[in-house]
Amino acid sequence: MLVDAWQRDQQPPAARAPSAATPQKDAGVPPAPSEKLVPAPPAAVVGQQAPAGGVAVGSPVIVETDLFRAEINTAGGDLRALELKQHRDTEDQRRNFMLFQHRPDHVYIAQSGLIGGELPTHRTQYATQATEYKLTDASNSVEVRLEAPAINGVKVAKVYRFTRGSYLIDVSFEITNGGTTAIQPFGYFQLLRDDKAPAGDSAMLPTFTGVGVYTEKDKFHKVTFADIEKGKATYPKTGEDGWIAVLQHYFLGAWLPKSGTPREFYVRRVDNLNAAGVIVPGPVVEPGATVNLSVPLYAGPQEQDKLAKLAPGLDLSVDYGWLTIIAVPLFWLLSWFYHWVGNWGVAIIILTVIIKLLFYPLSEASYRSMAKMRVLAPKLQRLKEQYGDDRQRMQQAMMELYKTEKINPLGGCLPIVVQIPVFIALYWVLLASVELRHAPFMLWIHDLSRPDPWFILPILMGATMIIQTRLNPEPPDPIQAKVMKIMPVAFSVFFFFFPAGLVLYWLVNNVLSILQQWNINRVLERANLAPPRKKAGKPS
């Protein structure tokens, strides 16, 4: 656990991108946003009167689809609330989960605007012809159109398009140039979030909440909110592909510009809020022409099979830590079992059995070593009584005994060490996979991602640890012996706070280990106690 935490904390920093001046000039990307383009808290937007024929500025526009209930505010055209209908709230499962929110105690919203001249930004006052939009049974999409006031003959409409069955929201700007000179617009698309950790997260189960940036060249980089506040954030600044996202346990919001388009990524701190965004250039708009500048926004669960299809590297947003290379195939196998049996709890049990079978030779070597030590326990006790407090003489005698009996005292530990990376990887699979969120098992376990409400699984796991301790030889050192007796109780207390899915895995693994160790102990003890066979020969 310490190694895992250290690895996650000491990840190598992202290589600094080359000087942005030349790439930005060559790619046509504007410099990093000036302070006026960095969003202030939503509450700071001052309401004004909307153009005639529209809804009063600052009014919410409600959008209902099969997956979302969204709120778009006409002040800036921000997406200020996003309710996921297919996912329940972490604390109160009678309510739907809210991803984007704009409350006094929590801010997480999506903003966008244009750079250049007097083009509309996230501070612009928009107008719309309706306050409610709903996806009907006869259509597969619903469109929300926000109109900005025309300036110098340039008309801009900000359009949200929601599609049935998709967590991808298309956000586009329709720019009509009614002036006499060509204009070069640039779009910025950003997510604004405070530092608040998602409900349900704790120090016992740490998960990553922060910014993720990905490019094909520099791969995936995580940026913590603490680094943003300190001005120490390192990440790819420019590229021809890639995306930027705000990540939290089970869910994410991500801007996904089309590949092949030059872009500039940025993160910064503004008034105790974290802004993470991307700037992309739009086509030159000639007089009398109309162009579209569009960037999709993904806002939903971290469903790995779907994320990988949306954008390269987006599935890396699922936080499996430094053992991702092992965790990904484990999750694939777990998902395959689930599609077969239809129950994530049963799938966890099957996966535990499969892993136990794969490591059977190593486990057998470990348990055989411990069983031999158990058989040797009476001799070790006699050595302890013989040498008393003379530790040096006692250690020498023990090593001679191990050599005579051909026993490696570390033989019970080394095979287990090899299995630890797999166990840690499976731990992160069960902790980070949204597919297990609110997944029922049976009887009193209604959510494998939450602790056992009756603490039955942790108590059973503690009981199995006590049985395992008794199957192992008691350490000759009295302090070690006391520690081994206390460990089952301590681990049971820790597991009171762990998700039921994790405890189920450890419980099944312990039961299988007990059966295997009991069988090996029985075989070796019989072999040790059996009288030697007499050689065949003539009767005396």
Side-chain angles (χ1 to χ4, degrees), residues 20 30-48 57-61 70-82 98-116 118-126 146 148 158 171 186-199 201 208-213 221-235 237 243-249 251-255 263-280 295 297 299:
S34 61
E35 287 300 319
K36 67 179 181 180
L37 293 176
V38 178
V45 178
V46 181
Q48 299 174 0
V57 168
S59 299
V61 178
E71 178 186 313
I72 302 169
N73 201 287
T74 54
D78 302 336
L79 183 55
R80 295 195 183 182
L82 194 66
M98 295 292 297
L99 181 59
F100 293 161
Q101 299 181 63
H102 174 215
R103 304 196 317 260
D105 62 332
H106 183 42
V107 174
Y108 183 14
I109 62 176
Q111 297 180 320
S112 53
L114 297 175
I115 304 171
E118 296 180 323
L119 296 173
T121 69
H122 67 277
R123 299 180 185 277
T124 298
Q125 312 301 326
Y126 288 91
L146 305 172
K158 186 175 184 178
V171 182
F186 296 88
Y188 67 93
F189 303 83
Q190 63 188 13
L191 294 161
L192 192 68
R193 195 188 191 282
D194 56 26
D195 296 336
K196 186 176 181 180
D201 275 18
F208 179 76
T209 302
V211 176
V213 184
H221 295 264
K222 292 192 292 187
V223 182
T224 66
F225 291 150
D227 284 343
I228 297 174
E229 183 178 10
K230 296 173 184 176
K232 297 181 179 180
T234 56
Y235 56 94
K237 303 297 191 303
W243 46 264
I244 190 166
V246 171
L247 315 175
Q248 65 183 60
H249 197 193
F251 300 95
L252 81 156
W255 291 107
R263 65 207 64 193
E264 175 193 354
F265 299 110
Y266 64 91
V267 297
R268 56 182 61 199
R269 187 82 167 180
V270 183
D271 296 332
N272 297 321
L273 297 174
N274 304 285
V278 59
I279 299 172
V280 295
V295 173
L297 168 66

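Starting from 1, each residue takes its place in the sequence as its number. Note that the coordinates shown come from a computational prediction; the quantities given were computed from them, not determined experimentally.
Judged by distance alone, the side chain of K158 and the main-chain N or O of S112 form a donor-acceptor pair under 3.5 Å. Side-chain atoms of T74 come within 3.5 Å of backbone N or O of S59 as a donor-acceptor pair.
Between the side chains of D194 and H106, at least one donor N or O sits under 3.5 Å from an acceptor N or O.
The two residues W255 and W243 come nearest to each other via the heavy atoms O-CB, 3.2 Å. What you find for P120 and Y126 is that their closest heavy atoms are CB-OH, 3.5 Å. For the residue pair A110 and L297, the shortest heavy atom distance occurs at CB-CD2, 3.9 Å. The minimum heavy-atom distance between M98 and A81, with the atom names listed, is CE-CB, 4.1 Å. In terms of heavy atoms, V223 sits closest to F208 at O-CZ, 3.6 Å. For L82 against A299, the heavy-atom pair with the smallest separation is CD2-CB, 3.3 Å.
In this structure, R193 and F225 have side chains that are in contact, with non-hydrogen atoms separated by less than 4.5 Å. The side-chain heavy atoms of H102 and L192, taken from C-beta on, include no pair separated by under 4.5 Å.
Rounded to the nearest 0.5 angstrom, L119 CG and F186 CZ are separated by 10.5 Å. In this structure, CZ on F100 lies 11.0 Å from CD1 on I72, to the nearest 0.5 angstrom. Atoms CG and NZ, from D105 and K196 in turn, are 4.0 Å apart once rounded to the nearest 0.5 Å. How far CG of L273 is from CD1 of I228: 11.0 Å, rounded to the nearest 0.5 Å. In this structure, CD in Q190 is found 9.0 Å from CZ in R268, a value given to the nearest 0.5 Å. With rounding to the nearest 0.5 angstrom, the CZ atom of F251 is 12.5 Å from the OG1 atom of T209.
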Please report the C-alpha distance between H122 and Y188 in whole Å, then the side-chain angles of each, then the deciding distance to 0.1 Å, and finally whether the side chain to side chain contact (heavy atoms under 4.5 Å, CB included) criterion is met. CA-CA 9 Å; H122 67 277; Y188 67 93; 2.7 Å; yes

Apply side chain to side chain contact (heavy atoms under 4.5 Å, CB included) to the pair V171 and V295, showing each step before the final yes or no. CA-CA 6 Å; V171 182; V295 173; 5.9 Å; no

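Ion pairing between a basic and an acidic side chain is recognised when a charged N comes within 4.0 Å of a carboxylate O; D227 and K222 show no such pairing.
Tested against V211, the residues N274, V267, L191 include a single side chain to side chain contact (heavy atoms under 4.5 Å, CB included) partner, V267.
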